[in-house]
Amino acid sequence: MAIIKAVRGTRDLLPPETELWNRVEATARSVFARYGFGEIRTPLFEATELFARGVGEETDIVSKEMYTWEDRGRAESDKGQSLTLRPENTAGVVRAYIEHHLADSGMLQKLFYIGPQFRRERPQRGRYRQFWQIGAEVLGPQFSGSDSALRDAEVLEMLATLLNELGIKGWRLALNSVGSTDDRQRYSAALREALQPVKHKMCEDNQRRAETNPLRVLDSKEPNDQEIIDALPKIGDFLGEDSRAHFEQVKAALDACGVPYTVDPRLVRGLDYYTRTTFEFTVPDGSGLGTQNALLGGGRYDGLSEMLGGPKAPGIGFAIGEDRLILTLLAQLEAKEPARLDAFVAPMGVAQNPAALKLAQELRAAGLRIEVGDGAFRLRKSFETADKLADKMIIVGEDEVNSGLFTVKTFSKGEQEKIPRAELAEALSFKKVSS
RNA sequence: GCGGCUAUAGUUCAGUGGCAGAACGCCGCUCUGUGGCAGCGGAUGUCGUGGGUUCGAACCCCACUAGCCGCCCCA
């Protein structure tokens with residue numbers, strides 16, 4: 001019978017790697033808490049229209065990368081509704097913000113999420129069809145200060161802190177401003193006009209973009225088109241006074257906090273909802289990601305709530321590709337330390353199995369991580385197994401059980417000592433701290 | 001979605017038309033209360049799946065599937 005495998009682009013996460021995932025998520029939660037963020041959990045699927053309106057009908061994500069199906073519920077209201085596995089989480093968070101009238105508190109909302117997203121792309125290293133994102137959003141009514149440059153800088157400074165605490169080395173922050181919705185529209189129109197006479201010289205993709213979403217022409221890496229792209233109007237010349245001042249304030253705050261960045265005028269995020277500040281954190285070559293070197297991205301979305309039929313609620317957010325973060329950490333870690341237990345309990349002979357299990361029970365109750373061997377195995381095998389799992393092995397033989405004095409071997413030091421039963425837990429805990 | 005590379009033991013791989021291999025790992029013995037070394041022995045397997053060519057296919061051909069690399073796009 002053919003075995004059933006995880007479907008293309010999905011994968012199982014197993015120990016010991018899951019320990020790293022938990023550590024990453026715990027670190028993120030800890031950092032988010034210090035900046036006043038609370039957790040939000042939105043559904044894994046939403047009405048297709050949410051992404052069409054929020055993310056943008058013309059984006060690749062919506063036009064060809066979504067898992068979409070038609071609901072077949074019995075109720076009239078369910079029938080035929082188009083549903084989609086979420087390809088990103090910002091639209092869902094803003095939908096929840098509107099639906100639960102979070103604006104009514106008048107307070108700034110700071111929300112973070114950790115969870116899987118789904119895109120039907122060609123799988124590659126660091127790019128899966130079910131992938132995990134750690135993200136956060138800051139939004140609220142204008143009078144809550146949600147459109148302040150302070151918030152942009154705070155989010156960026158928080159990300160720098162998070163990456164540093166995780167131990168990511170060599171990250172770089174690329175920063176840009178795409179202006180207000182108006183600025184963006186004027187710039188987009190200017191680009192379209194400037195592209196009109198020259199676009200026929202460009203590659204097929206860029207010709208299409210010139211029509212549908214001219215901003216994305218700037219993202220193109222097509223070598224033959226670079227000359228034309230360099231000659232196009234610059235976004236900086238189209239920023240209104242407000243946007244320009246906003247961008248200057250973001251940069252000033254980052255300078256004050258000592259967060260390094262480089263301004264990249266061609267950094268235009270692909271999603272339609274971005275306004276003003278856009279950014280991306282990348283890691284150097286050799287960090288395990290190949291050319292997929294973007295670790296996280298985000299930006300400001302002052303008009304998204306209104307695009308979704310909600311009140312005006314400027315906001316800024318980001319999403320970290322957790323799969324990529326983990327790959328980077330794995331590549332940057334020296335030698336991965338396997339999960340170590342505090343001790344391995346080795347019974348001598350099956351007759352000692354009950355006594356060994358009882359000892360393990362006591363030590364585990366004291367908070368120690370313990371594995372128990374099997375008395376049916378020869379002592380040699382117990383040693384070999386113990387050495388793979390822990391630094392210490394406790395021998396449980398007839399002598400030990402009778403005398404209450406247990407033989408404890410420490411592999412790293414090659415030492416062996418006898419410790420009374422009552423002092424075992426303490427001795428193992430103490431050694432753990434001192435080593 | 002487009003282009004390329006790859007798929008053989010648990011792992012890394014060799015094998016280019018004639019008996020399915022190596023290293024590491026695993027199991028056993030030397031050695032039933034002190035392992036890691038050494039010696040000896042053992043099991044590894046639909047050669048990714050399906051079809052075709054051939055007396056004969058892991059090897060040549062076709063299709064499919066999956067992984068990886070690049071592009072597109074994005075985290």
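Keep in mind the model is a prediction, meaning the values are calculated, not measured.
- Between B:rC13 and B:rA7, the distance separating the two C1' atoms is 12 Å to the nearest Å.
- With a cut-off of 3.5 Å on both Watson-Crick or G-U wobble distances, the partner of B:rC74 is given as none.
- As the counterpart of B:rG3, B:rC69 is assigned, both hydrogen-bonding distances of the Watson-Crick or G-U wobble pattern falling under 3.5 Å.
- Contact annotation for A:T407: base contact, defined as any heavy-atom pair under 4.0 Å involving a base atom.
- Nearest heavy-atom pair, A:L232 versus A:A194, reported as atom, atom and distance to 0.1 Å: CD2-CB, 4.0 Å.
- For the segment residues 318-326 of chain A, residues with any heavy atom less than 4.0 angstrom from an atom of RNA chain B are, sorted by number, A:A319, A:G321, A:R324.
- Taking atom P in both B:rC29 and B:rG33, one finds a spacing of 11 Å when rounded to whole Å.
- Here the P atom of nucleotide B:rU65 and the CZ atom of A:R129 are 11 Å apart, to the nearest Å.
- Of the C1' atoms belonging to B:rU44 and B:rG1, the separation is 42 Å, rounded to the nearest Å.
- The pair A:E65-A:R129 does not count as a salt bridge, with every side-chain nitrogen at least 4.0 angstrom from each carboxylate oxygen.
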Exercise for review: Mark up nucleotides 23-29 of chain B, 5' to 3', with B wherever a protein heavy atom is under 4.0 angstrom from a base atom, S wherever such an atom reaches only the sugar-phosphate, and - elsewhere.
Suggested key: ---SS-S

At a cut-off of 3.5 Å, list every protein nitrogen or oxygen paired with a nitrogen or oxygen from nucleotides 2-4 of chain B, distance to 0.1 Å.
| from | atom 1 | to | atom 2 | distance (Å) |
| --- | --- | --- | --- | --- |
| B:rC2 | N4 | A:R122 | NH1 | 3.4 |

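- Using a 4.0 Å heavy-atom criterion, one finds that A:G126 contacts the bases of the nucleic acid, with or without backbone contacts as well.
- By the 4.0 Å N-to-carboxylate-O rule, A:R266 lies too far from A:D264 to be salt-bridged with it.
- Straight-line distance between the P atoms of B:rU11 and B:rC64: roughly 27 Å, to the nearest whole Å.
- Salt-bridge formation is not detected for the pair A:E88/A:R119: no Lys NZ or Arg NE/NH1/NH2 atom is positioned less than 4.0 Å from an Asp or Glu carboxylate oxygen.
- Nucleotides B:rU46 and B:rA58, compared at atom P, are 14 Å apart to the nearest Å.
- When both distances must be under 3.5 Å, the Watson-Crick or G-U wobble mate of B:rG17 does not exist.
- Straight-line distance from the CZ atom of A:F118 to the P atom of B:rA75: 17 Å, rounded to whole Å.
- For A:R29 and A:E25, the salt-bridge test fails: no basic side-chain N is under 4.0 Å from an acidic carboxylate O.
- Across all strands, A:E88 comes closer than 4.0 Å to no nucleic acid atom at all (heavy-atom distances).
- Atom P of nucleotide B:rC37 and atom CZ of A:F411 are separated by 14 Å, given to the nearest angstrom.
- Nucleic acid contact for A:G397: base, since at least one base atom lies under 4.0 Å from a heavy atom of the residue.
- Between the NZ atom of A:K409 and the P atom of B:rG35 there is a distance of 7 Å, rounded to whole Å.
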All N/O contacts under 3.5 Å from nucleotides 9-11 of chain B to the protein, with atom names and distances to one decimal?
none

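- Nucleotide B:rC74 holds its P atom 21 Å from the CG atom of A:L327, rounded to whole Å.
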**Study point:** Candidate pair A:F112 and A:F37, rule ring-ring contact (aromatic ring centres under 6.0 Å, His included), full reasoning
**Key:** CA-CA 6 Å; A:F112 79 88; A:F37 284 77; 7.4 Å; no

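- Comment: A:E362 engages A:K358 in a salt bridge, judged by a side-chain N to carboxylate O separation of less than 4.0 angstrom.
- Using modelled atom types and a 3.5 Å distance limit, the side chains of A:E157 and A:Y35 yield a donor-acceptor pair.
- By the 4.0 Å N-to-carboxylate-O rule, A:E46 lies close enough to A:R95 to be salt-bridged with it.
- Contact annotation for A:E121: base contact, defined as any heavy-atom pair under 4.0 Å involving a base atom.
- Take the nearest nucleotide of RNA chain B for A:P123 and for A:D387: the residue whose nucleotide is more 5' is A:D387.
- Residues A:D323 and A:R11 are paired through a salt bridge, judged by an N-O separation under 4.0 Å between the basic side chain and the carboxylate.
- For A:R41 and A:E39, the salt-bridge test passes: some basic side-chain N is under 4.0 Å from an acidic carboxylate O.
- A:T410 pairs in a side chain to side chain donor-acceptor pair (under 3.5 Å) with only one of the listed residues (A:E415, A:Q416, A:K392), which is A:K392.
- A distance of about 23 Å separates the C1' atoms of B:rC72 and B:rU65, rounded to the whole Å.
- Spacing between B:rG48 and B:rA20 at atom P, rounded to whole Å, works out to 15 Å.
- You cannot call A:F383 stacked on the base of B:rG36; the centres under 5.5 Å and planes under 30° rule is not satisfied.
- With no hydrogens or angles considered, no side-chain donor-acceptor pair links A:T278 and A:N176 at under 3.5 Å.
- Among residue pairs with one or both ends in residues 395-406 of chain A, those qualifying as side chain to side chain donor-acceptor pair (under 3.5 Å) are A:E400-A:T407; sequence neighbours excluded.
- In this entry the distance linking CG of A:L295 with P of B:rA75 reads 12 Å, nearest Å.
- Nucleotide B:rC24 has B:rG10 as its partner under the Watson-Crick or G-U criteria, with both atom distances under 3.5 Å.
- If A:R120 and A:M348 are placed on RNA chain B by their nearest nucleotide, the residue sitting closer to the 5' end is A:R120.
- When heavy atoms are screened at a 4.0 angstrom cut-off, A:G9 is found touching the sugar-phosphate backbone but no base atom.
- Base pairing of B:rG56 is not made with any nucleotide, judged by Watson-Crick or G-U wobble geometry with both donor-acceptor distances under 3.5 Å.
- When the P atom is used for both B:rG36 and B:rG17, the distance is 45 Å, rounded to whole Å.
- Using modelled atom types, one finds no donor on one side chain facing an acceptor on the other under 3.5 Å when comparing A:H246 with A:D147.
- Look at A:Q416 and you won't find any side-chain N or O under 4.0 angstrom from OP1 or OP2 of B:rU34.
- Put simply, CG on A:N293 is 13 Å from P on B:rC69, counting in whole angstrom units.
- Applying the side-chain contact (heavy atoms from CB on, under 4.5 Å) rule to A:R172 yields the partners A:T262, A:T282; only residues at least two apart in sequence or on another chain are considered.
- Residue contacts shown for A:Q352 are absent, as no nucleic acid heavy atom lies under 4.0 Å away.
- Whole-Å rounding puts the A:M393 CE to B:rG36 C1' distance at 12 Å.
- Shown here, B:rU49 forms a base pair with B:rA63; the pair counts as Watson-Crick or G-U wobble because both key distances fall under 3.5 Å.
- Across A:M202 and A:I229, no two heavy atoms sit closer than the pair CE-CG1, 3.9 Å.
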